[in-house]
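Chain naming here is simple, since letters A, B, ... match the order of the sequence lines and numbering starts at 1 in each.
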There are 2 protein chains.
Amino acid sequence: MADDDMLRLEAQLCFPLYAAANATIRAYRPILAPLGLTYPQYLVMLVLWEGDGRSVSEIGSSLHLDSGTLTPLLKRLEAAGLVCRRRQVADERVVLVDLTAAGQALREKALAVPKAMAGRLCLDHEQVNRLRDDLRRLVANLDTDAPQD
Amino acid sequence: MADDDMLRLEAQLCFPLYAAANATIRAYRPILAPLGLTYPQYLVMLVLWEGDGRSVSEIGSSLHLDSGTLTPLLKRLEAAGLVCRRRQVADERVVLVDLTAAGQALREKALAVPKAMAGRLCLDHEQVNRLRDDLRRLVANLDTDAPQD
DNA sequence: TCAAATTAAATTGTGCACAATTTATATCAC
DNA sequence: GTGATATAAATTGTGCACAATTTAATTTGA
């Protein structure tokens, strides 16, 4: 393919990736609205439901997000009464995040979310698995061969 | 799969999609920096390089973005001297976007971008094509079966 | 032991995304 | 023609993402 052709929007891989991510987050909005969560907040809650008392940087490395994103997001979750934050006694630099009772309870409502989204995506099992594996490989590649630092 | 298992981050499709989109935009940053463009700005330029004099809503439907996103972005491109905006004489509500000489010229620099990104993605042709097709199908599904409006 | 280097969060500033509203123009119905 | 409706951008406000810097606590090393 000529260089010229590669600049066509249709030829690009990254644009469908960008558009699909936007469309997906958009689709989550009405599904998550009853839980009072945005999609990134839902991701943080998923991490905490697997086990709370984690540090900001542990959450960050799970989700590939930094403190600049997480600090204000966690403050909003705290203001909503879903989590509470405390300094680790052994190392006062570390902030640990716990679920409140309300945060634990919200998990019951969240159980319906994956099925609701699956209904919106309209992909069969094979497509979902293949897409997930391909995307994981892509993330791994981009994480591994670091830019130049 | 039990409902409980579906809440695991590892089981999710949308999280790898979200993470891959973030990682990709991050990878574009150093490649686009010499052109003075962000990734969304680069996408708008791709559309305009395929043909300028398009309306804000035409650009928006190509990229699945609304005027709330595009208006300030186009003002930044205008401030950078890459585009200019004018009201359509036949219908003063419509704003048409043209490339300036600098905007046209920037295309030459942009020709190197797809190859530079391909080097970062580290996927073979088969994977790229499959992923692109799967993502397009996903976007089409999410666009088609509208929420409820 | 104490100054230098390191680390974890928080802060600051920029640029998206998008819902909701507003403004300006155009079209339609009568 | 003129009021009602519709349409295109722009505006407003919220919440990410992330680079760069700052603050505070910890570790290291001469």
Show your reasoning for whether side-chain contact (heavy atoms from CB on, under 4.5 Å) applies to A:D5 and A:R8. CA-CA 6 Å; A:D5 292 328; A:R8 286 179 305 107; 4.0 Å; yes
Taking all atoms of both residues into account, what is the closest heavy-atom pair of [X] and [Y], and its distance?
X      : Y      : value
B:R132 : A:P16  : CG-CG, 3.9 Å
A:L142 : B:L121 : CD2-CD2, 4.1 Å
A:A110 : B:L7   : O-CD2, 3.6 Å

Please report, rounded to the nearest Å, how far the [atom2] atom of [N] is from the [atom1] atom of [X].
X     : N      : atom1 : atom2 : value
A:Y28 : C:dC18 : OH    : P     : 16 Å
A:L70 : D:dA19 : CG    : C1'   : 15 Å
A:L43 : D:dC16 : CG    : C1'   : 12 Å
B:R86 : C:dT25 : CZ    : P     : 18 Å
B:I25 : D:dC16 : CD1   : P     : 16 Å
A:E58 : C:dA8  : CD    : P     : 10 Å
B:Y18 : C:dA17 : OH    : P     : 12 Å
A:K75 : C:dA9  : NZ    : P     : 13 Å

What is the nucleic acid contact for B:L73, judged by heavy atoms within less than 4.0 Å: base, sugar-phosphate only, or nothing?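 The residue B:L73 makes sugar-phosphate contact but no base contact.
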Describe the nucleic acid contact of A:T69 in one word from base, sugar-phosphate, nothing, applying a heavy-atom distance below 4.0 Å.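 Base contact - A:T69 has a heavy atom under 4.0 Å of at least one base atom.
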When you compare the protein's N or O atoms with those of nucleotides 21-27 of chain D, which come within less than 3.5 Å of each other, and at what distance?
residue: D:dT26; atom: OP1; partner: A:E92; partner atom: N; Å: 3.1

So how far is it from A:L73 CG to A:T38 OG1, rounded to the nearest 0.5 Å?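 That separation rounds to 5.5 Å.
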Heavy-atom count around A:E10 CD within 6.0 Å, excluding the residue itself: above 12?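 For A:E10, atom CD is not crowded (no more than 12 foreign heavy atoms under 6.0 Å).
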Strictly below 4.0 Å: does [X] bring a side-chain N or O up to OP1 or OP2 of [N]?
X     : N      : value
A:R76 : D:dT14 : no
B:T38 : C:dC16 : yes
A:S55 : C:dA8  : no

Pair of N/O donor and acceptor under 3.5 Å linking D:dA10 base with B:S67 side chain: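 By the distance-only test, yes, there is a pair.
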With respect to the side chain of [X], which nucleotide from [options] is positioned closest?
X     : options               : answer
B:D66 : C:dG15, C:dC18, C:dA9 : C:dC18
B:R29 : D:dA9, D:dC18, C:dA9  : D:dC18
A:V94 : C:dA9, D:dA17, D:dA9  : C:dA9

For A:T71 and A:N22, take the nucleotide of DNA chain C holding the closest heavy atom to each; which residue's nucleotide lies nearer the 5' end?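 The residue whose closest nucleotide sits nearer the 5' end is A:T71.
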Nearest-nucleotide comparison on DNA chain C, the residue closer to the 5′ end among A:R26 and A:P72: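 First, find each residue's nearest nucleotide; the 5'-ward one identifies A:P72.
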Residue of the set B:L35, B:L32, B:L37 for which side chain to side chain contact (heavy atoms under 4.5 Å, CB included) holds with B:M45: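 Passing option: B:L37.
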Should the ring pair B:Y42 and B:Y28 be called parallel, tilted or perpendicular, given that the plane angle runs from 0 to 90° and is split at 30 and 60?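 Geometry flag for B:Y28 against B:Y42: tilted rings.
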